[in-house]
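Everything below concerns the one structure shown next.
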Amino acid sequence: MCGIVGYIGHREAADVVVDGLTRLEYRGYDSAGIVTADSQAQLEVVKRAGKLSILKEALKTNPLKGNIGIGHTRWATHGKPNDVNSHPHLSEDSKLAVIHNGIIENYMPLKAKLISNGHDFVSDTDTEVIVHLIEEHYQGDLVEAVQNALKEVTGAYALVVSHIDHEVIVAARATSPMVIGIGENENFVASDVPALLPYTRKVIFLHDGDMALIKKASIELSDFDGNIVEREISTIDWDAEAAEKSGYEHYMLKEIYEQPTVLQNTFGGRFAANGMDVELDLGLDPNSINRVVITAAGTAYYSGAVGEYLIEQVAKIPTEIELASEFRYRKPILDENTLCIVVSQSGETIDTLEALREAKRQGAKTLAILNVKGSSISREVDDSLYIHAGPEIGVASTKAYMAMLAAFELIAIWLGRARAELSDSVASELIQALRSTPGLVEHALEEREHIAQIAEQFKDKRDYLFLGRGINFPTALEGALKLKEISYIHAEAYATGEMKHGPIALIDENMPIVAIATASELYEKTISNIQEVKARDGIIISLANPDDEQIAIHSDHVIRVPKVHELISPMINVASLQLLAYETAHRLELDVDQPRNLAKSVTVE
Ligand code: G6P
């Protein structure tokens, strides 16, 4: 959370920084700000509470000049999202500017000390202590001043520093992500790769404890004590177009429609020629484990909940799913025979990273399902399986979820085959079904107009209920989460069979209930549960297969989804629920891509 962009080179820095921030706004949008250095005696700053569009307006009347600039888009932690608390934070003489992502944990005692030393604070942020600390240590050498300041600081952060007397940007990282983009006689720094895509594909991912002295024509990396460190230069294979809306009204809609292609990319080259096996380039010995623990946050967690069903049913290994934010505090018991699978689009979610660290501390084997390369999780985990979903910009995750489901399908088959739990015939049936998913998802998305009518009809409802059973219970959970996240309608999901144990009390003629009733072992029971709702006047919106004729009798609306093997159905079913959430929020004229209070990758606990 919080997006940082820095530029030094021959272009107008403000253009590059604002452009980069536009592609990082998913990291936070409580406020935005930018500072540039030109030949003046002091830095020039513009910062505004609210979304980046407000900053862009302000820059029209007050354009910033200069070839060095740093900018920020904020997800507020310390201090309200007003103009003063917006980053960058400047020293009193406006010569020094700091932008920060993360939390300075000891900022209170530092602030007290700095105030007693005569420093005046203007904001309520933790970040401002860094400005005053660097000022205290500054004696003409900016890098040394930053190093000494950071020695006093504890917490998680990524920060960039600019000073009017130095043609450099100083960057430092402790836990929060930061990537450097290498150009020709220009260099970049950002919290995440999409900011860099139009300018360069050559990047260096900073590690924790790294500092970078970024000049126009060089980059020097060191630790916080000034010892030189070497880091690999990686090449990003995402194209610039991937981070654009490409004619769609919203990133979320574009990403929903990208899902068929994403599935092809996730599966790409991973089905063996014999049609029965999956080839994953993993170091893990599938026969060395007797238990799987999956842990993740948000949407990734729900993909793990599908993964739990898949691994138990396909590979017959006892599997549990855990919320990453609870995991290490619950004092889980793991050992070297446990495989801990962490799932994260960004690879930066702090709860998931800490859960991984806990698993490693206890000697478990670890595997990560990831989208972003070079992330913190990728560096600490034993093995990574990349989902190749491309950059996901919409804050509400869609295509990454789809690709995570695909990854779990692959893992389950891979484990099942290696452990001789999956017969040739079932394996080839599953793989054949998986191969058909890109086309089937495309088919499911053709229901958009019908789904939009349903969304229109119920957009003013205050509550929704989502019901699903078995492997589609997590689909119901994800459908409810999508609706909550972007439409702010209260939505809850229950395992259909649980409804009678409580939530049935909520049902009346005002309650829309989305019931997943696609082909499954529990289909008949699902129909009985739907009838129980109908008997209490609830509004039933069913998700059903095209050949299901009886469903219409029990439902007010039926959304048709292609029929597929039950173990694969969550991938097809979720597409319709994503559209329902999208169309509802869109009709409520809400900001679909940037829902209130959320940030895409949450790097604070
Ligand atoms: C945040 C986002 C969610 C996301 C979750 C996990 O809460 O708002 O959309 O699912 O983090 O993110 P990750 O990058 O670890 O998949």
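Remember, it's 1-based here, ligands and their atoms both numbered in the order they're listed.
Residues Thr295 and Arg328 have side chains that never bring a donor and an acceptor to within less than 3.5 angstrom of each other. In summary, the side chains of Thr22 and Asp19 do not present any donor paired with an acceptor at a separation below 3.5 Å, with no hydrogens or angles considered. Using modelled atom types, one finds no donor on one side chain facing an acceptor on the other under 3.5 Å when comparing Asn573 with Thr475. Between the side chains of His490 and Asp463, a donor-acceptor pair is found at a separation under 3.5 Å. Looking at Ser397 and Thr299, their side chains never bring a donor and an acceptor atom within 3.5 Å of each other. A donor-acceptor contact closer than 3.5 angstrom is absent between the side chains of Asn85 and Thr125.
Every protein residue with a heavy atom nearer than 4.0 Å to ligand 1 is included here: Ala297, Gly298, Thr299, Ala300, Ser344, Gln345, Ser346, Thr349, Val395, Glu485, Ala599, Lys600, Val602.
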